[in-house]
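Written out below as structure tokens is the structure these notes cover.
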Amino acid sequence: MISSPLQLCLVFSSLLFCIGLAGALSRSNSILVLLGIELMLNAANLNFIAFWRFGPAPSPATGVIFVTFSVAVAAAEAAVGLALVIAVYRRQRNIRLQEAVRLKG
Amino acid sequence: MLGSGLLQGLAVTAKNFVGSFHDPKRLTTVEYPEKRTVLPEAYRNFPFLVSEKAEDPMGTLRCVACQICEKECPPQCIYIEKSKDKKPDATGKMQIYPAVFLIDSSVCMNCQICVEVCPFDAIKMDQVFEIATQERFHALLLDREQLAKPNSYFHSIRPSEAAEVDGRLAAERKVAEEKAKAAALAKAAAQAKPVAPKTEPAPGAASPKPQNPA
Amino acid sequence: MMPSTPQDSLLERAPQLLRDLVTSHLPEPWRWFANSLIAMIVILAVFGLLFAALTLVERKVLGRVQNRPGPNRTGPFGLLQPIADGIKMLSKEDIVPRDADHILHFLAPVILLASTVMAFAVIPYGRHLVPVDLDAAVLYFFAVGATTELAVFMAGWSSHNKYSLLAAMRALAQLISYELPLLLSWVPVVMISGTLSTTGIVAAQSAWKWGWVPTWNVFTPWGFAGFAVFMVAALAESNRSPFDLPEAESELIAGHLTEYSGCKYVFFFMAEYFGMTALSGMAVTLFLGGWHAPLPSLEFIPSYAWFGAKLITLLVGFIWIRATFPRLRIDQLTRFAWKFLVPLALINLGTTAFWSLSFGWTGPLQLVRWAVAIVLVVVPFIVMGRRLSSGVAPRTYSYAT
Amino acid sequence: MTTALLLLICLVTLGSAATAMLLRNLIHSVLLLIGSWIGVAIFYLSCGAEFVAFAQLLVYVGAVSMVVLFAVLLTRRSRTDVTVSADTVSRAWSAVMAGGAVLAVLLYGALMTTLPAASAHGPAAPVKQLGAELMGIHAASLLVIGMILTVATLGSVVIASEEPSGKKEDAP
């Protein structure tokens with residue numbers, strides 16, 4: 001069934017994606033949720049490189065450039081996300097996701 | 001300018017680094033066990049007993065067990081026991097000698113008071129500082145045999161002071177000999193004219209008692 | 001490894017000949033494997049010995065600077081001191097605190113040493129002596145360098161000791177705030193030589209101007225500024241002398257290394273020296289013309305000898321600086337990085353842009369180009385230098401003559 | 001031999017990612033996740049994209065891991081606060097079910113569709129070509145990325161810093 005290495009990469013990235021998704025959904029600690037999202041982002045990047053490497057097109061480096069940009073954006077997102085987590089922690093002393101419901105500033 | 005202080009600092013360390021190779025004034029450390037610095041003459045450490053002759057230290061000890069130093073020692077670290085019999089000392093006079101002479105070097109504070117009060121120059125300050133011992137108590141209690149060192153050693157560590165002490169002792173010995181000679185002469189004269197009046201030889205014999213050195 | 005051209009001297013081709021002697025008969029996949037294995041073993045051996053010698057040279061130079069002979073008890077002139085230190089360190093008991101996180105406690109030195117040694121893979125030691133010729137070699141070098149921060153954090157956290165965690169935070173603050181000027185300072189070199197691969201950068205510095213002046217990057221205004229910023233940041237990155245706050249003995253005992261003893265401490269100690277050597281090796285490659293000889297007439301000396309000579313001068317420079325400067329406080333240290341080094345490195349980017357744009361100028365314009373470049377480098381240095389120490393009155397020093 | 005190595009890297013990355021999501025100790029799970037990021041970087045290397053691998057290594061393992069670890073340290077009250085309390089089993093089960101469903105859809109898509117044959121030689125992306133394209137076609141997006149990064153860092157500093165309003169917080 002897994003004939004070409006491209007399919008191997010696709011299987012690998014979708015597995016990684018689902019681990020990230022399951023992790024993000026199951027854990028109540030917001031830092032782990034953020035890390036789950038980070039994992040899903042990595043899985044997406046993986047697909048880009050897989051298609052660039054094993055894909056049909058000769059070699060436009062758009063896939064590689066796309067991944068560079070997405071790594072940069074993911075870093076910015078991680079920074080802002082964790083800043084939010086710290087702000088939430090300062091508000092309610094613990095970072096359990098279920099208890100972050102108060103919208104008052 | 002920002003970097004100028006830094007560069008001056010680097011220049012100083014460079015000068016020190018280069019200087020330490022050729023400038024003896026800079027490299028002052030002496031590599032101790034192999035090379036030793038010459039100790040200043042007045043350096044003193046623990047006391048030692050002076051004996052006249054090296055081959056028979058116990059026989060020719062100058063110390064006459066007068067126990068002045070034992071009384072004078074501030075930390076009371078000297079312990080002397082007088083001998084029962086007498087033996088001739090350096091000037092030939094029959095003197096008591098110390099049967100037991102102990103100095104507790106762990107208590108002694110090198111104050112040299114015993115040397116100053118000793119009328120017979122029997123105890124002097126040594127210059128030995130490598131006295132580490134394995135054992136804490138008995139090894140630091142120095143007895144007569146360990147303390148006695150020949151006069152020649154005293155000359156080697158303190159030439160000027162030893163010479164001055166020897167000069168004084170020799171002068172003293174000469175005075176004592178003349179007295180002895182004069183006393184012997186007077187006695188001989190007394191026996192030669194037994195009929196001579198009784199009172200004349202008595203004062204002669206009393207006067208030549210050796211005075212204590214200052 | 002590039003094939004060695006026949007016109008090189010025998011000494012020049014010697015390392016490659018020796019290696020081919022051993023691996024030439026192996027079939028292809030195993031031959032590549034054997035070659036890289038030999039490269040690894042040679043790197044570890046050479047830099048292991050250099051580490052041992054460096055500890056001795058450091059203590060000797062520090063001693064001589066303070067007018068004392070330095071270690072001379074073990075062996076003639078103290079030459080066996082590294083062995084003595086090694087035996088002492090390895091025979092010491094390895095104490096791990098009871099509540100420590102044993103896995104992390106063990107992993108921290110391993111990761112630190114692994115990532116530091118991995119950085120040696122891309123430095124060109126000689127004309128044909130490049131262990132791995134990567135296309136993005138310089139980026140690889142600093143990417144691997146970035147993982148050392150992880151190891152510092154793990155060491156601080158896993159020793160279950162308030163003070164070592166605090167010290168790890170201070171060390172991380174220093175490492176992160178000096179990683180930026182470190183990365184920014186070599187961007188001009190890449191802009192001018194147009195490639196990220198270390199062999200390409202060294203090749204770009206191979207020309208001779210007027211027949212005898214080598215065109216190393218350090219002899220250009222932007223190159224000199226970049227070299228200065230790189231060396232200061234390298235000092236901070238490898239926790240050396242004026243920036244050795246993380247393991248300052250007088251303050252936090254041994255910082256994040258307090259709970260380490262015996263073999264693990266030797267790993268940290270070795271990783272610091274390997275980091276210092278790797279960073280100065282990269283400085284030689286980027287700014288001092290890698291393995292090129294300073295004069296064309298000295299070309300007959302093999303290239304790896306030149307690389308070694310430059311490396312050792314830089315290392316002795318590290319030790320010299322350690323012997324001279326007092327330690328910086330944490331606030332001075334970060335203020336110096338953010339308020340002085342980062343702006344200086346950014347302005348240096350501008351200078352290099354001007355330098356590459358004015359590439360075509362010839363004749364009198366060449367002087368104008370140099371003058372403008374020098375002004376662009378010196379003026380910000382003086383202005384920011386004055387602003388940096390504006391609050392402090394000029395101190396008067398009386399130096400020991 | 002290379003596909004075997006590739007497989008090994010994939011398994012290691014998946015393993016560390018999965019255990020990262022299951023562990024109680026927060027620091028251990030973050031470090032395991034950093035291990036999976038390194039696995040992904042090695043995967044990029046084996047695919048020949050050197051620049052991206054080192055960029056991932058530098059950005060994720062160098063910087064983002066530090067941000068995450070500092071966040072973990074800042075949001076805990078005491079030493080033992082690092083071990084997170086167990087989640088309810090039902091929540092875990094529903095998450096795994098959702099993940100499984102998504103996985104099924106993705107795997108179906110990946111395995112059933114006929115994908116075009118891979119191009120003959122492995123494409124190379126030398127850094128010089130990347131640089132030329134970044135400065136050429138994608139110059140605008142490069143500036144936008146620069147803008148995003150500066151805004152993100154400034155914003156996160158403002159969000160995470162103490163409130164200047166001096167409102168009395170309850171002692172931690």
Side-chain angles (χ1 to χ4, degrees), chain A residues 1-2 4-8 10-12 14-23 25-29 31-32 35-36 38-39 42 45-46 49-50 52-59 61 64-65 67-69 71-80 82-87 89-90 93 95, chain D residues 3 10 13-14 17-18 21 26 29-30 33 37 40 43-44 47-49 51-52 55-56 59 63-64 67-68 71-72 74-75 84 87 91-92 95-96 98-99 102-103 106-107 110-111 115-119 122-125 129-130 133-134 138 141 145 148-149 152-153 155-156 159-160 169:
Chain A
M1 222 190 19
I2 296 190
S4 67
L6 179 56
Q7 280 180 330
L8 176 85
L10 288 184
V11 166
F12 171 44
S14 44
L15 272 172
L16 202 63
F17 184 87
C18 293
I19 288 174
L21 182 68
L25 291 178
S26 66
R27 296 307 291 264
S28 63
N29 182 333
I31 287 184
L32 271 177
L35 290 184
E38 208 65 44
L39 254 183
N42 267 340
N45 292 348
L46 231 141
I49 294 292
W52 164 72
R53 175 68 177 78
F54 303 108
S59 73
V64 174
I65 288 175
V67 168
T68 326
F69 285 157
V71 162
V73 167
E77 173 266 334
V80 172
L82 290 161
L84 285 175
V85 162
I86 293 172
Y89 173 78
R90 184 162 298 114
R93 276 303 140 251
I95 39 175
Chain D
T3 46
C10 299
T13 320
L14 288 175
M21 287 302 151
L26 212 52
S29 66
V30 167
L33 202 74
W37 286 339
V40 168
F43 181 83
Y44 290 160
C47 285
F51 182 79
V52 174
Q56 153 109 351
V59 169
V64 172
V67 171
V68 172
V72 165
L74 284 175
T75 56
V84 180
D87 305 312
R91 179 191 171 99
V96 166
V102 169
L103 183 65
L106 284 175
L107 286 187
L111 299 182
L115 295 164
S119 62
Q129 179 202 345
L130 279 185
E133 283 195 11
L134 269 178
H138 306 288
S141 44
I145 282 287
I148 289 174
L149 283 173
T153 30
S156 54
I159 294 169
E169 293 146 23

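Please read all numbers here as calculations on a predicted model, not as lab measurements. Lettering of chains follows the sequences in order, A, B, ..., and the numbering in each one begins at 1.
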Next item on the list: Identify which part of A/L35 has an atom lying under 4.5 Å from any heavy atom of chain D, answering side chain, backbone, both or neither.
Entry: both
Note to self: Between D/Q56 and D/W37 (side chain of the first, backbone of the second, donor and acceptor by atom type, cut-off under 3.5 Å), is there such a pair?
What the structure shows: yes
Next item on the list: Would you give the length of the straight line joining atom CZ of A/F54 to atom CG of A/L8, rounded to the nearest 0.5 angstrom?
Entry: 8.0 Å
Notebook entry, point to check: Any idea which of D/V52, D/L107, D/L134 has the most non-hydrogen atom pairs under 4.5 angstrom with chain A?
Noted result: D/V52
Margin query: Using heavy-atom distances under 4.5 Å, tell me whether D/V59 contacts chain A through its side chain, its backbone, both, or neither.
Written below: side chain
Check: Would you say D/M21 and A/L39 make side-chain contact, with heavy atoms under 4.5 Å?
Finding: yes
Next item on the list: For chain D, find which of A/G23, A/A79, A/C18, A/A75 contributes the most heavy-atom pairs closer than 4.5 angstrom.
Entry: A/C18
Next item on the list: Using non-hydrogen atoms and a 4.5 Å limit, figure out which bit of D/L74 sits close to chain A: side chain, backbone, both or neither.
Entry: both
Check: Between A/V73, A/L21, A/V85, A/N42, which shows the greatest number of heavy-atom pairs under 4.5 Å with chain D?
Finding: A/N42
Note to self: Looking at chain D, which one of A/A22, A/A72, A/S14 has the largest number of heavy-atom pairs inside 4.5 Å, strictly under?
What the structure shows: A/S14
Checklist line | Any side-chain heavy-atom pair of D/I148 and A/F69 under 4.5 Å | finding: no
Note to self: Please classify the contact of D/A49 with chain A as side chain, backbone, both or neither, using a heavy-atom distance under 4.5 Å.
What the structure shows: both
Check: If you count heavy-atom pairs under 4.5 Å with chain A, which of D/A17, D/A152, D/C10 comes out on top?
Finding: D/C10
Notebook entry, point to check: Would you say D/E133 and A/V64 make side-chain contact, with heavy atoms under 4.5 Å?
Noted result: no
Item checked: Between CD on residue A/E38 and CG on residue A/L32, distance to nearest 0.5 Å -> 12.5 Å
Next item on the list: First locate atom OG1 of D/T13, then atom CD1 of A/I19, and finally report the distance between them rounded to the nearest 0.5 Å.
Entry: 9.5 Å
Notebook entry, point to check: Side chain, backbone, both or neither: which part of A/I49 has a heavy atom under 4.5 Å from chain D?
Noted result: side chain
Check: Considering only heavy atoms from C-beta outward, does the side chain of A/L82 approach that of D/S156 to under 4.5 Å?
Finding: no
Next item on the list: Return the option, out of A/A78, A/G20, A/A50, A/A76, with the maximum number of heavy-atom pairs under 4.5 Å with chain D.
Entry: A/A76
Next item on the list: Pick one of side chain, backbone, both or neither for D/T153, based on which atoms fall under 4.5 Å of a heavy atom in chain A.
Entry: neither
Checklist line | D/V102 versus chain A, the contacting section by heavy-atom distance below 4.5 Å | finding: both
Check: Can you tell me how far CZ of D/F43 sits from CZ of A/R53, rounded to the nearest 0.5 angstrom?
Finding: 10.0 Å
Check: Out of A/L46, A/L84, A/L16, which one racks up the most heavy-atom pairs below 4.5 Å with chain D?
Finding: A/L46
Notebook entry, point to check: Heavy-atom distance under 4.5 Å to chain A: side chain of D/I145, backbone, both or neither?
Noted result: side chain
Item checked: Atom pair CG (D/L106) and CG (A/L15), whose distance is rounded to the nearest 0.5 Å -> 9.5 Å
